[in-house]
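The block underneath contains the structure these notes are about, expressed in structure tokens.
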Amino acid sequence: MKKGKKLYEGKAKILYTATEKGTAIQHFKDDATAFNNQKKSVIEGKGILNNRISEHILSNLNQIGIETHLIKRINMREQLVKLVEIIPIEFVVRNIATGSLTKRLGIEDGTVLEKPLLEFCFKNDDLHDPLVAREHICAFGWSDDSELDSISKICFRINDFMQGMFKSVGIKLVDFKVEFGRLNQNGKKKIILADEISPDTCRLWDSSNDKKLDKDRFRKDLGNVIEAYQEVARRLNILHEGTNIKTVEFGKLRSVKNRK
Ligand code: TMP
């Protein structure tokens with residue numbers, strides 16, 4: 001698979017043109033950022049794990065009829081994906097209150113929500129991806145009611161599927177963020193999931209002790225970031241397929257304080 005010119009470089013991924021029209025190569029970097037780029041680091045091996053975890057989840061979604069941009073994983077750091085027109089909205093689904101929701105509304109951290117909550121954020125780094133209402137999205141033409149209705153349904157289906165998948169390996173799916181794109185296929189417009197799904201974009205807590213197994217370990221300086229990502233891959237039983245990095249047992253690397 002030949003990589004062409006760089007189309008776009010984001011905080012954790014780079015998109016290159018690919019030989020076949022309508023496709024692109026998505027490269028997963030080891031870079032980690034938080035708080036809109038204010039905190040930065042390189043976490044060795046993170047891109048490899050996210051590539052593999054995201055491939056696993058997206059191919060499962062494809063199999064249950066939720067169409068995604070994933071065509072196939074090409075190597076340890078890259079996937080071949082369908083090129084889409086990205087809808088500039090981040091869709092956040094929450095099952096347990098934490099993160100910005102608790103800060104914004106004073107809800108107690110860890111509150112289990114009666115039903116999943118879907119939030120919309122306008123994808124704009126300069127404005128720090130602000131929370132917006134459906135009315136803003138329609139008023140400014142970022143999407144419309146019909147697209148938002150179908151995307152909302154897809155978000156809840158993804159949530160149902162992922163909650164089950166993670167529950168079966170002892171992990172609580174606390175929340176996640178996904179993005180969607182428009183695809184023109186034989187003159188017909190389709191909406192597909194066009195994003196990674198990984199511990200960078202989900203909050204995952206160990207079911208037995210609520211220990212964080214996601215990017216919050218980096219955001220909150222909890223340590224053992226890569227070990228947590230490896231633990232997620234290990235539980236999903238995909239650690240040794242194409243994730244050729246040194247592995248360490250998460251439990252053995254607990255740091256000085258017994259952090260969650
Ligand atoms: P939040 O509580 O900070 O709003 O995050 C909600 C979810 O969205 C959480 O799983 C982390 C994910 N997320 C991203 O993937 N990218 C982002 O830029 C932000 C702010 C959150």
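Just so you know, ligand 1 is whichever comes first in the structure, and atom 1 is the first atom listed for that ligand.
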Residues Arg203 and Asp175 bridged, charged N to O under 4.0 Å: yes

State whether any protein heavy atom lies less than 4.0 Å from atom 12 (C) of ligand 1. yes

Atom 9 (C) of ligand 1 [closest protein heavy-atom partner, distance rounded to 0.1 Å]: Asp175 OD1, 3.2 Å

Is it true that Glu9 and Lys29 have a side-chain N and a carboxylate O under 4.0 angstrom from each other? yes

for atom 3 (O) of ligand 1, nearest protein heavy atom and its distance come out as Arg203 NH2, 3.5 Å

Can you tell which of Glu196, Glu55, Glu78 makes a salt bridge (Lys or Arg N to Asp or Glu O under 4.0 Å) with Arg73? Glu55

What is the nearest protein non-hydrogen atom to atom 4 (O) of ligand 1, stated with its residue, atom name and distance? Ser100 OG, 2.6 Å

For ligand 1, which atoms, with element, lie under 4.0 Å from some heavy atom of Phe176? 10 (O)

State whether any protein heavy atom lies less than 4.0 Å from atom 19 (C) of ligand 1. no

Within the 4.5 Å heavy-atom criterion, are Asn50 and Lys13 side-chain neighbours or not? no

With under 30° as parallel and over 60° as perpendicular, where do the rings of Trp142 and Phe140 fit, or are they tilted in between? tilted

What part of Cys121, side chain, backbone, both or neither, has a heavy atom within less than 4.0 angstrom of ligand 1? neither

Is it true that Arg94 lies under 4.0 Å from ligand 1, counting heavy atoms only? yes

same_hphob_cluster(Val93, Ile197) at 4.5 Å side-chain heavy-atom cutoff: yes

Pull out every atom of ligand 1 sitting under 4.0 Å from any heavy atom of Arg219, numbered as shown with elements. 11 (C)

Can you figure out which of Glu196, His128, Glu90, Lys177 has its heavy atom closest to atom 14 (C) of ligand 1? Lys177

Does a side-chain N-to-carboxylate-O contact under 4.0 Å join Asp160 and Arg157? no

Under 4.0 Å from a heavy atom of Gly99: give me the atoms of ligand 1 that qualify, with their elements. 2 (O)

Would you say that Ile171 contacts Met165 through its side chain, given a criterion of any heavy-atom pair below 4.5 Å between the two side chains? no

Go through Glu119 and Arg104 one step at a time and tell me if the salt bridge (Lys or Arg N to Asp or Glu O under 4.0 Å) criterion holds. CA-CA 13 Å; Glu119 294 177 336; Arg104 203 185 320 120; 3.2 Å; yes

I'd like to check which ligand 1 atoms, numbered from 1 as shown, lie under 4.0 Å from a non-hydrogen atom of Thr201. 10 (O), 12 (C), 15 (O)

Show the atoms of ligand 1 that are less than 4.0 angstrom away from any heavy atom in Val92. 6 (C)

